[in-house]
Amino acid sequence: MAFAAGWSVDVQRVVIKLGSSLVLDAQTRALNMPFLYAVSRDVSDLLNQDIQCVIVSSGAVGLGRPRLGLTASGLTLNQRQAAAAAGQTVLVQGWERAFEPHGVPVAQALLTYGDIERRRSWLNARSTLRELVGCGAVPVINENDTVSTEELRFGDNDRLAARVAQMISADLLILLSDVPGVCTADPRHDPNATLIEDISEITPQIEALAGGAGASGVGTGGMATKIAAARIAGSAGCTTLIASGRVDHPVMAAAQRGGGSCIRPSVDAGSSRQAWIAGALEPVGRLVLDSGAVKAVLSGKSLLPVGLKAASGGFNRGDVVRLDDEAGQMIGKGVVGYDVEEVRRIAGLKTDSVEAELGYRRGSAVVHCEDLVLAAPAKPG
Ligand code: GLU
């Protein structure tokens with residue numbers, strides 16, 4: 001894929017985080033629509049290259065404050081939450097407007113720390129986001145500040161964006177703000193500061209530089225949270241680009257060498273996930289596949305309900321199960337998308353009959369191809 005070729009990153013799914021200092025106009029504190037339009041143009045170009053895009057947008061608190069007359073400098077947590085609620089509607093309307101000329105649907109998703117840390121809601125959020133990007137929509141995510149409590153909140157969207165990147169197995173996380181990237185010193189105070197373009201490892205020196213850069217004026221995330229975000233993303237095999245959004249094509253420019261700092265992941269994406277699935281020592285359950293499904297799965301496709309003969313074990317959605325052929329030979333392991341009772345009810349059904357049986361449909365796959373590790377390598381077919 002051409003995008004981020006300057007960094008030789010093969011990108012299929014990207015999470016783009018935009019800080020309040022870009023989303024809001026520095027003078028008027030209203031939405032910075034030229035910036036939103038610039039991002040929507042770049043994102044539409046990426047969608048046209050079949051690259052799925054998720055936006056994590058800050059700005060709700062900043063937009064809500066003047067609407068509620070909360071103009072004093074410090075805000076209590078409750079005031080912040082109220083401001084976020086009043087500003088989020090304006091924020092998402094801005095994104096709607098920005099994407100309208102491109103005919104791209106925008107979908108709002110507000111997440112809390114708990115949603116991401118609790119397995120069940122994590123799985124639900126992941127399926128919803130996957131479904132949205134699969135439909136060509138652009139999810140616009142923010143922290144659900146209204147219900148987040150002081151102890152259990154991200155507080156900054158850098159780490160939220162990194163957790164989202166991890167959740168949806170993105171290959172690239174782009175953090176855009178008003179700073180050019182990781183520099184040898186704080187560029188706002190030191191004219192000799194130079195950009196560190198390529199960071200292959202987050203060393204204590206890099207951490208120290210990040211600590212020195214401090215937070216920008218409007219958002220809550222400084223360089224330290226960006227490095228923390230890069231660490232989270234990197235542990236899932238996702239590359240992070242930290243760049244300034246104050247350029248013509250903010251998203252595209254970040255993907256060029258010299259457009260910012262590129263932080264390499266600490267592990268390879270596919271391998272970390274696959275190792276996690278393959279390393280599940282004791283799969284909690286077992287699915288038996290008919291010969292058609294075995295063939296499909298062996299050629300890299302997802303497991304659909306129609307190819308299921310039986311299910312055993314007390315597994316829940318999100319557990320690792322083994323996939324067997326009818327002779328009892330294990331062909332792989334995977335993360336199952338339904339609970340065992342649900343699987344028993346939908347086994348053998350065509351995908352479009354699943355909803356009639358269950359009253360809902362979680363997705364077309366019982367085990368998604370990205371959540372599957374074969375006992376032997378996939379054969380093209
Ligand atoms: N969720 C906050 C907002 O939308 C932003 C947090 C941050 O600046 O990172 O205003």
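Order of appearance sets the numbers: ligands from 1, and atoms from 1 within every ligand.
Sorted by first and then second residue, the side chain to side chain donor-acceptor pair (under 3.5 Å) pairs involving residues 63-72 (not counting sequence neighbours) are R67-T89.
By the 4.5 Å heavy-atom criterion applied to side chains, D339 and R317 are counted as neighbours.
By the criterion of a heavy-atom distance under 4.0 Å, the side chain of N142, and not its backbone, is placed next to ligand 1. Residue contacts with ligand 1 for D145 involve side-chain atoms from C-beta outward but no N, CA, C or O (heavy atoms, distance under 4.0 Å).
Ligand 1 has an N or O atom lying under 3.5 Å from an N or O atom of A60, backbone or side chain. Residue R80 places no N or O, backbone or side chain, under 3.5 Å from any N or O of ligand 1. For ligand 1, none of its N or O atoms has an N or O atom of D158 under 3.5 Å away. Distances between N or O atoms of G62 and those of ligand 1 include no value under 3.5 Å.
Salt bridge status for D290 with K309: absent, with no side-chain N to carboxylate O gap under 4.0 Å.
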Side-chain donor-acceptor pairs under 3.5 Å in residues 95-107, sequence neighbours left out?
residue : atom : partner : partner atom : Å
W95     : NE1  : S57     : OG           : 3.0
H102    : ND1  : S44     : OG           : 3.4

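The side chain to side chain contact (heavy atoms under 4.5 Å, CB included) test with I51 singles out one residue from L172, V14, D171, and that residue is V14.
Put simply, no part of A84 is less than 4.0 Å from ligand 1, judged by heavy atoms.
Formation of a donor-acceptor pair under 3.5 Å by the N157 side chain with backbone atoms of L160 is not found in this model.
Within ligand 1, the atoms closer than 4.0 Å to a non-hydrogen atom of D156 are 9 (O), numbered from 1 in the order shown.
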